[in-house]
Q: 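Structure incoming, see below.
To find a chain, count down the sequence lines: A is the first, B the second, and so on, and within it residues start at 1. All heavy atoms count here, side chains included; hydrogens, waters and symmetry mates do not.
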Amino acid sequence: MNNRLKILRAQRDWSQGDLADRLEVSRQSVNAIETGRYDPSLPLAFRIAELFDLPIEEVFESPSRRKSGAI
Amino acid sequence: MQRELYAVAHYRSPAIRRYMIRLIVMVSLYLVTLFGAVLTFKAHAVSGVPAVMLAILPALPIIGVFWAVMRYLIEEQDEFMRMLLVRQCLVATGFCLTIMTVWEFLQNFDIVPPGNDGFGTAFFWFMGLGVGGLYNKLTVGTAGCA
């Protein structure tokens, strides 16, 4: 699933480790989510969105909307 | 980048720490009970029910390793790390069942001799965990911890 995690992280000058610490997950998790190799669960996706103080759809791109060309 | 790779390789949650301690304890117990059993049987120092119990004794720490792996799955708070281990366990189970099934048929038709010289189900399951780690590395970029 595409997301804006890397951009949002860079805007705050956070490393993957900084974000991992804030989310209380491993750096592997952040890396896998950021590179689209792992789709987080809904609770973790909400935690990420809340950390950046954004609605979830502004962090993660809906695969179905992307498929239909809406995004 | 190098700093990130270093940190990735050194991720240690409390659950991983507990898992590693349990693993070290179980492997140590396995070595002690295995050598104890081998020496005792070589000396013909035991028979009957005690012999059965002594023969089973080295299996208990191996069962303990299975328990440690499953406890780690329950205790790990990081969902991605849990997923990596679940995938490893599934690959390990498939790998082990495949090897043992083929081996048994080869034995049934007398293509290979009976017995396994200690390379039994647990050995191939643990080997399968390694194969699962490689599968994780190739598909999601990181092997996992087990």
Q: Determine the minimum heavy-atom distance between Arg37(A) and Val140(B), stating which atoms define it.
A: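 It is NE-O, 2.9 Å.
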Q: Please check if atom CZ in Phe41(B) has more than 12 non-hydrogen atoms from other residues, nucleotides or ligands closer than 6.0 Å.
A: yes
Q: For Phe95(B), does the CZ atom have more than 12 heavy-atom neighbours from other residues, nucleotides or ligands under 6.0 Å away?
A: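 For Phe95(B), atom CZ is crowded (more than 12 foreign heavy atoms under 6.0 Å).
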Q: Does any part of the side chain of Gln77(B), heavy atoms only, come nearer than 4.5 Å to the side chain of Glu24(A), both counted from C-beta?
A: no
Q: Give the minimum heavy-atom separation between Thr142(B) and Gln28(A), together with the two atoms involved.
A: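 Residues Thr142(B) and Gln28(A), closest heavy atoms: OG1-CG, 3.6 Å.
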Q: Using atom types as modelled and distance alone, determine if a side-chain donor or acceptor of Asp78(B) lies under 3.5 Å from a backbone N or O of Ser26(A).
A: yes
Q: Under a 4.5 Å heavy-atom cut-off, does chain B meet the side chain of Pro40(A), its backbone, both or neither?
A: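 Contact with chain B is through both the backbone and side chain of Pro40(A).
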Q: Is there a path of hydrophobic side-chain contacts, each under 4.5 Å between heavy atoms of I/L/V/M/F/W/Y residues, joining Leu60(B) to Val65(B)?
A: no
Q: Rounded to the nearest 0.5 Å, what separates atom CZ in Phe80(B) from atom CG in Leu44(A)?
A: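 The CG atom of Leu44(A) is 11.5 Å from CZ of Phe80(B), to the nearest 0.5 Å.
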Q: To the nearest 0.5 Å, tell me how far Ile33(A) CD1 sits from Glu79(B) CD.
A: 6.5 Å
Q: Does a sphere of radius 6.0 Å around CZ in Phe46(A) hold more than 12 heavy atoms from other residues, nucleotides or ligands, not counting ones at 6.0 Å or beyond?
A: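 At most 12 heavy atoms, drawn from other residues, nucleotides or ligands, come within 6.0 Å of this atom.
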Q: For the atom pair OG1 (Thr139(B)) and OH (Tyr38(A)), what is the distance rounded to the nearest 0.5 Å?
A: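 Rounded to the nearest 0.5 Å, the OG1-OH separation comes to 13.5 Å.
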Q: More than 12 non-hydrogen atoms from neighbouring residues, nucleotides or ligands closer than 6.0 Å to CE on Met53(B), yes or no?
A: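 Open: at most 12 neighbouring heavy atoms sit under 6.0 Å from CE of Met53(B).
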Q: So, using ring pair (Phe, Tyr, Trp, His ring centres under 6.0 Å) as the criterion, who are the partners of Phe105(B) when residues are at least two apart?
A: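 If we apply the ring pair (Phe, Tyr, Trp, His ring centres under 6.0 Å) test to Phe105(B), skipping adjacent residues, there are no hits.
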